[in-house]
Amino acid sequence: MTTTSRTLLLASAAFGLAAASASSVVHYKLLTNPGYTSFCDVNATVSCTQAYLSRYGSLFGVPVAIFGVLFFVLVLLLVGLGGAPASRVRESVPAYVFALSTIALAFSLYLAWASYIQLKTFCMLCAATYAAVIALFIIAGGATTVPMTTLPRRAPRDIRHLFSSPAALVLAILYLVGAGTVIAYFPSEPPRPQAAAPMGTLTDQQRAELIKWWDMQPRVDMSNPAPAAKVVVTGFSDFQCPHCRSAHESYRGLIAKYAGNPQVRFIARAFPLEGECNPNAPGGNHMAACEAAAAVVLARQTGKAAVMEDWLYEHQISLTPSNVREAAKDVGGIADFNGGYAKALEEVKADARMGGLLGVTSTPTFFLNGRKLPAGVVPPEYIDALIAVELQRAK
């Protein structure tokens, strides 16, 4: 390996390490600070956050950025120690780097596909690490002078030569201990809501107990925007609330079942856990909740409210005021979000005030014909049974 090749490999690995380290820091802050906004979040399309907090951002619960850091550190150690002029494994080092970078390149191509094709998001820091991997692949490939097929035979001998140096042995131990420590103590991501299973069927005993409990619940007066409906299910939700996302997924089938029935109405009302638009949640830390709720209100005018809701819940853990505003335009078809925001916020505030008067203290909270359901995500088969009871009684 020439001095020029070694310098280029070290420079490429150092550049990749800087990008991967920055990615790891951003990922860490996103997991530990709900209000954090990354410097590389330009809009809904150019966003590191969308990539990091997606299902492609971690592998076995470990952020892929951490694997990037470990890869580039390994290359630096290998080239720095093994590629030194006096090293007896100098000739083999480019081949080892080429083999490692080939694996890394395949992984990078997969992540690029996931980001650009699946998520439709451009991540600047991710692109920087991909560029570093490509550079290592090209430089190491050009500097390799030994047949790749000889690496399995060379490896045991080269390992003995490398670890014959006490400094190299200490660095290897530090590398392994550091890798294990970072992986073990890096914050874990919150669990992702699972898709709802089909509605179950209640037994006769369960149904009887449910009706008995239901008849004991107090009924409150609620405004009914659908006078013709015999059953009105009203839900108060926050787009940054994980349980609200679970409810959104769980009740799809239930809502679809009654979509063509004019006697049953499902009404979604906003209860953002953010003081800007909800006086009942002055200490709320959901910094994009008001923008998200307003985006849905405005999207009703474009006929894309359902699409907007799906996008907000899908990107829930990475919502920021800026990317919500951008998505309102790209997803909700809202041409002037800023111009309509104040008016939309008045509707959001009206929902929040109603929730406060009804005693809503957490999300999601549902009312069925003025009776409050238990907090959280009630199994859809129970709500389905109560709807049937109320329809029967309405006759």
Side-chain angles (χ1 to χ4, degrees), residues 195-202 206-208 210-211 213-215 217-239 244-271 293-313 331-334 343-344 346-348 350-355 357-360 363-395:
M199 283 192 297
T201 303
L202 299 183
Q206 288 175 321
R207 181 180 174 84
L210 177 65
I211 295 174
W213 170 84
W214 184 242
D215 288 339
Q217 304 310 304
R219 191 186 300 270
V220 297
D221 291 329
M222 296 182 65
S223 60
N224 182 8
K230 304 300 182 184
V231 179
V232 178
V233 181
T234 305
F236 291 86
S237 302
D238 175 335
F239 288 103
C244 296
R245 179 179 174 180
S246 295
H248 180 72
E249 296 294 336
S250 297
Y251 299 153
R252 284 184 186 274
L254 181 65
I255 294 173
K257 176 180 178 179
Y258 293 101
N261 188 339
Q263 293 187 323
V264 180
R265 280 286 305 273
F266 290 85
I267 299 174
R269 295 198 180 278
F271 197 82
V296 172
V297 171
L298 292 172
R300 290 171 188 157
Q301 302 170 13
T302 64
K304 295 185 176 181
V307 178
M308 191 74 240
E309 286 183 353
D310 287 342
W311 187 94
L312 290 168
Y313 280 125
V331 179
I334 302 165
K343 185 176 180 180
E346 290 304 315
E347 186 171 334
V348 173
D351 283 354
R353 284 194 296 270
M354 177 187 293
L357 292 173
L358 294 172
V360 175
T363 55
T365 296
F366 291 90
F367 292 83
L368 195 158
N369 279 1
R371 288 176 174 171
K372 188 177 181 180
L373 296 173
V377 184
V378 178
E381 56 266 29
Y382 284 84
I383 298 179
D384 189 33
L386 292 176
I387 291 174
V389 169
E390 292 292 301
L391 286 175
Q392 181 64 34
R393 291 177 174 176
K395 294 179 180 180

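Remember, predicted model here, so these are calculated numbers, not experimental data.
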Taking the side chain as every heavy atom from C-beta outward, state whether V389 and L210 have any pair of such atoms under 4.5 Å apart.
no

Validation row: E390, V233 side chains within 4.5 angstrom (heavy atoms):
no

Any residue meeting side chain to side chain contact (heavy atoms under 4.5 Å, CB included) with Q263, in chain and number order, not counting sequence neighbours
K230, N261, L391

Name all residues meeting the side chain to side chain contact (heavy atoms under 4.5 Å, CB included) criterion together with A270; count only those two or more places apart in sequence or in a different chain, and write none if there are none.
P272, A293, V348, D351

Mind checking what makes side chain to side chain donor-acceptor pair (under 3.5 Å) contact with R371, not counting sequence neighbours?
none

Note, F367 side chain near L358 side chain (heavy atom, < 4.5 Å):
yes

Pairing residues for F239 by the ring pair (Phe, Tyr, Trp, His ring centres under 6.0 Å) criterion, not counting sequence neighbours
Y313

If you look only at pairs with a residue in residues 295-306, which of them pass as a side-chain hydrogen bond (donor to acceptor under 3.5 Å, both in side chains), with sequence neighbours excluded?
R300-E347

All side chain to side chain contact (heavy atoms under 4.5 Å, CB included) counterparts of I255, not counting sequence neighbours:
Y251, F266

List in chain and number order the residues that pass side chain to side chain donor-acceptor pair (under 3.5 Å) with D215, two or more places apart in sequence or in another chain; answer none if no residue qualifies.
R393

With sequence neighbours left out, what residues match A295 under side chain to side chain contact (heavy atoms under 4.5 Å, CB included)?
M308, V324, A328, F337

Can you sort out the partners of E309 under side chain to side chain donor-acceptor pair (under 3.5 Å), two or more places apart, ordered by chain and number?
none

Residues passing the salt bridge (charged side-chain N to carboxylate O under 4.0 Å, His left out) test with D238, sequence neighbours excluded, are none

Got a sec, which residues hit side chain to side chain donor-acceptor pair (under 3.5 Å) with Y258, two or more places apart in sequence or on another chain?
D384

